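Report on one structure; see the data block that follows.
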Amino acid sequence: MTTLLTNARLIDPEAGTEYRGWLAYDGGHILATGKEGAAPAPRVDQTYDCDGMCVAPGIVDIGVKVCEPGERHKESFKTAGLAAAAGGVTTIATRPDTNPVIDTPETLEFVTRRAREVTPVRMHSMAALTKGLRGEEMTEIGFLLDAGAVAFTDTTRVIQNTKVLSRALTYARSLDALVIGHPQEPGLSSGACITGGKFATLRGLPSVSPMAERMGLDRDIALLEMTGAKYHADQITTARALPALERAKRNGLDITAGISIHHLTLNVLDVADYRTFFKVTPPLRDEEDRQAAIEAVASGLIDIVCSMHTPQDEESKRLPFEEAASGAVGLETLLPAAMRLYHAGQLDLPTLFRAMSLNPSKRLGLPSGRLSPDAPADLVVFDPNAPFVLDRWRLNSKSKNTPFDGARMEGRVRATIVGGNFVYGAL
């Protein structure tokens with residue numbers, strides 16, 4: 001059945017444009033788009049009037065933690081899928097730090113099959129780079145690729161043995177596999193829960209210097225020069241790390257970088273009352289770092305914006321700040337939080353969706369993130385100006401650990417379309 005979305009504000013991150021027009025799709029793929037009054041829309045079986053709302057490629061979120069298997073009380077594939085659909089996320093790349101760790105083809109096949117059974121959005125799994133995430137012995141990267149792994153990562157557990165990491169990078173390069181790293185110097189960052197500085201001293205919390213991120217990135221870049229591997233830094237959050245990233249790209253290394261929406265919209269001062277929902281990894285940074293990161297996203301130096309969705313139950317968070325678990329849920333808050341940057345005039349919508357849809361699709365080798373003909377009809381229809389107050393208890397995620405609880409936000413998803421089918425909302 002052919003479908004037409006009319007009277008829409010089309011956000012095309014590939015062309016970097018935004019215009020009033022229409023979009024037609026059929027059989028799960030986009031047929032054509034056109035500007036209002038410039039090109040006649042084709043005849044279709046059904047038509048939806050978007051009433052001036054934005055239509056953009058669905059968000060592709062890298063680094064989502066789904067706690068199945070092992071910790072379904074925190075998040076399951078079903079609840080993560082519902083949360084993603086409600087947040088305009090049409091594709092998820094999940095992390096391997098589950099229990100057991102996703103480090104064998106059998107475990108990977110289990111989670112892939114489970115996700116397909118209960119999830120309304122597309123899900124792809126990343127696999128561990130080393131067995132058990134212990135940083136001692138690399139996994140069977142070739143077999144895991146054959147089983148469907150889209151990338152390899154030890155998540156926030158930094159591989160300290162450089163020989164192990166160099167061998168893994170060399171082997172990954174021979175198979176054209178993507179490795180995702182977490183740039184941190186593990187000695188400096190061990191036990192820290194806040195970024196170092198006067199504010200951390202006043203709060204009496206163990207801190208880490210922003211240089212820990214720079215040092216970790218420098219090491220990984222050196223190994224990339226040695227191995228020629230394909231690499232993505234999961235989060236670059238400090239101004240001091242940006243020059244090293246820029247040099248690496250200028251020198252032709254196959255490197256990209258991401259950042260979480262929390263680090264783009266919050267800063268270290270939000271930790272003022274010790275509320276543990278603001279404890280994330282790496283810790284929230286100074287305002288100067290936040291502004292530098294926004295500029296890096298605008299210029300394309302930082303390629304990807306993600307949620308770093310990390311569910312934690314109430315018992316893990318109801319502890320003193322130093323002892324509480326790190327992480328925040330973000331599948332449903334990624335889009336409205338990103339609208340803060342749009343309404344502040346810092347990032348326009350094509351730039352935001354370049355970072356949230358197009359670039360992550362390119363990095364994972366997926367056809368999504370585009371409005372071009374034959375691209376998947378994975379779309380989000382949203383009103384960027386719709387105001388609301390976030391109530392964490394109304395989130396679809398099992399865990400409710402969001403730093404935006406009670407915050408006034410703008411930007412509501414009206415419909416999410418995956419493969420041409422409405423999986424959330426209606427028009």
Side-chain angles (χ1 to χ4, degrees), residues 3-25 29-39 41 48-61 84-91 121 261 264-265 294 297-300 302-307 332-362 366-386 409-418 420 422-425 427:
T3 303
L4 182 68
L5 304 180
T6 63
N7 192 19
R9 215 171 129 192
L10 295 177
I11 313 300
D12 187 342
E14 194 170 28
T17 58
E18 174 185 337
Y19 57 92
R20 198 69 167 255
W22 53 264
L23 182 147
Y25 64 85
H29 289 84
I30 294 173
L31 292 174
T33 59
K35 290 186 178 180
E36 191 175 88
Y48 294 101
D49 187 342
C50 294
D51 195 25
M53 289 185 290
C54 295
V55 175
I59 296 170
V60 178
D61 199 1
V89 177
T90 55
T91 301
V121 300
I261 194 63
L264 283 179
T265 55
I294 292 172
V297 173
S299 69
I302 291 180
D303 307 85
I304 292 170
V305 174
C306 62
S307 71
E332 288 176 78
T333 56
L334 174 53
L335 182 59
M339 290 304 100
R340 289 184 168 187
L341 304 171
Y342 165 68
H343 289 297
Q346 294 177 299
L347 296 172
D348 60 26
L349 292 177
T351 299
L352 277 169
F353 277 87
R354 179 189 69 194
M356 295 191 299
S357 298
L358 178 62
N359 286 347
S361 296
K362 285 182 174 180
L366 304 176
S368 51
R370 303 162 175 85
L371 294 185
S372 54
D374 295 326
D378 295 352
L379 306 166
V380 56
V381 183
F382 66 99
D383 182 350
N385 303 312
M409 308 189 84
E410 291 179 273
R412 275 195 177 276
V413 174
R414 298 304 184 190
T416 302
I417 302 168
V418 177
F422 284 80
V423 297
Y424 174 81
L427 294 174

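Model, not experiment: these values are computed from the prediction.
- Here the closest heavy-atom approach between residue Val121 and residue Ala84 is recorded as CG2-CB, 4.0 Å.
- Heavy atoms only, all atoms of each residue included: Tyr19 and Thr33 are closest at OH-OG1, 3.4 Å.
- Partners of Thr265 by side-chain hydrogen bond (donor to acceptor under 3.5 Å, both in side chains), not counting sequence neighbours: none found.
- When all heavy atoms of Trp22 and Leu4 are compared, the pair lying nearest together is CE3-CD1, 3.7 Å.
- Listed here is the closest heavy atom pair of Ile11 and Pro13: O-CD, 3.3 Å.
- Between Ala56 and Leu371, the shortest heavy-atom distance links the atoms C-CD2, 4.3 Å.
- Of the listed residues (Val60, Leu334, Val380), just one forms a side chain to side chain contact (heavy atoms under 4.5 Å, CB included) with Met356, and that residue is Leu334.
- Here the OG atom belonging to Ser357 is positioned 10.0 Å from the CG atom belonging to Asp61, to the nearest 0.5 angstrom.
- Atoms CD1 and OG1, on Ile59 and Thr416 in that order, are 8.5 Å from each other to the nearest 0.5 Å.
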Can you give the donor-acceptor pairs under 3.5 Å from side chains of residues 341-352 to other protein atoms, not counting sequence neighbours?
{"residue": "Tyr342", "atom": "OH", "partner": "Arg9", "partner atom": "NH2", "Å": "2.9"}
{"residue": "His343", "atom": "NE2", "partner": "Pro384", "partner atom": "O", "Å": "2.6"}
{"residue": "Gln346", "atom": "NE2", "partner": "Gln291", "partner atom": "OE1", "Å": "2.9"}
{"residue": "Asp348", "atom": "OD1", "partner": "Thr351", "partner atom": "N", "Å": "2.8"}
{"residue": "Asp348", "atom": "OD1", "partner": "Thr351", "partner atom": "OG1", "Å": "2.6"}

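- Between Arg20 atom CZ and Thr6 atom OG1 the span is 10.0 Å, to the nearest 0.5 Å.
- For the residue pair Asp49 / Asn7, a side-chain donor-acceptor distance below 3.5 Å is found, with atom types taken as modelled.
- Checking Pro57, Ser361, Pro376 one by one against Arg370, the side chain to side chain contact (heavy atoms under 4.5 Å, CB included) holds for a single residue, Ser361.
- Residues in residues 375-386 take part in these side-chain hydrogen bond (donor to acceptor under 3.5 Å, both in side chains) pairs, two or more places apart or across chains: Arg122-Asp378.
- With sequence neighbours excluded, the residues that form a ring-ring contact (aromatic ring centres under 6.0 Å, His included) with Phe382 are Phe353.
- Counting only distance, with no hydrogens or angles, the side chain of Asp303 and the backbone of Asn359 share no donor-acceptor pair below 3.5 Å.
- Residues Ala386 and Arg414 come closest through the heavy atom pair CB-NH2, 3.6 Å.
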Exercise for the section: Decide yes or no on side chain to side chain contact (heavy atoms under 4.5 Å, CB included) for Leu23 and Leu379, but give the supporting numbers first. Expected result: CA-CA 10 Å; Leu23 182 147; Leu379 306 166; 3.8 Å; yes

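- Taking CD1 from Ile261 and OG from Ser307, the interatomic distance works out to 9.5 Å, rounded to the nearest 0.5 Å.
- The side-chain hydrogen bond (donor to acceptor under 3.5 Å, both in side chains) search around Thr90 returns none, not counting sequence neighbours.
- A distance of 9.5 Å separates OG1 of Thr333 from CZ of Arg340, quoted to the nearest 0.5 Å.
- Shown here are the side-chain contact (heavy atoms from CB on, under 4.5 Å) partners of Leu427, two or more places apart in sequence or in another chain: Leu5, Tyr48, Cys50, Met53, Val381, Ala415, Phe422.
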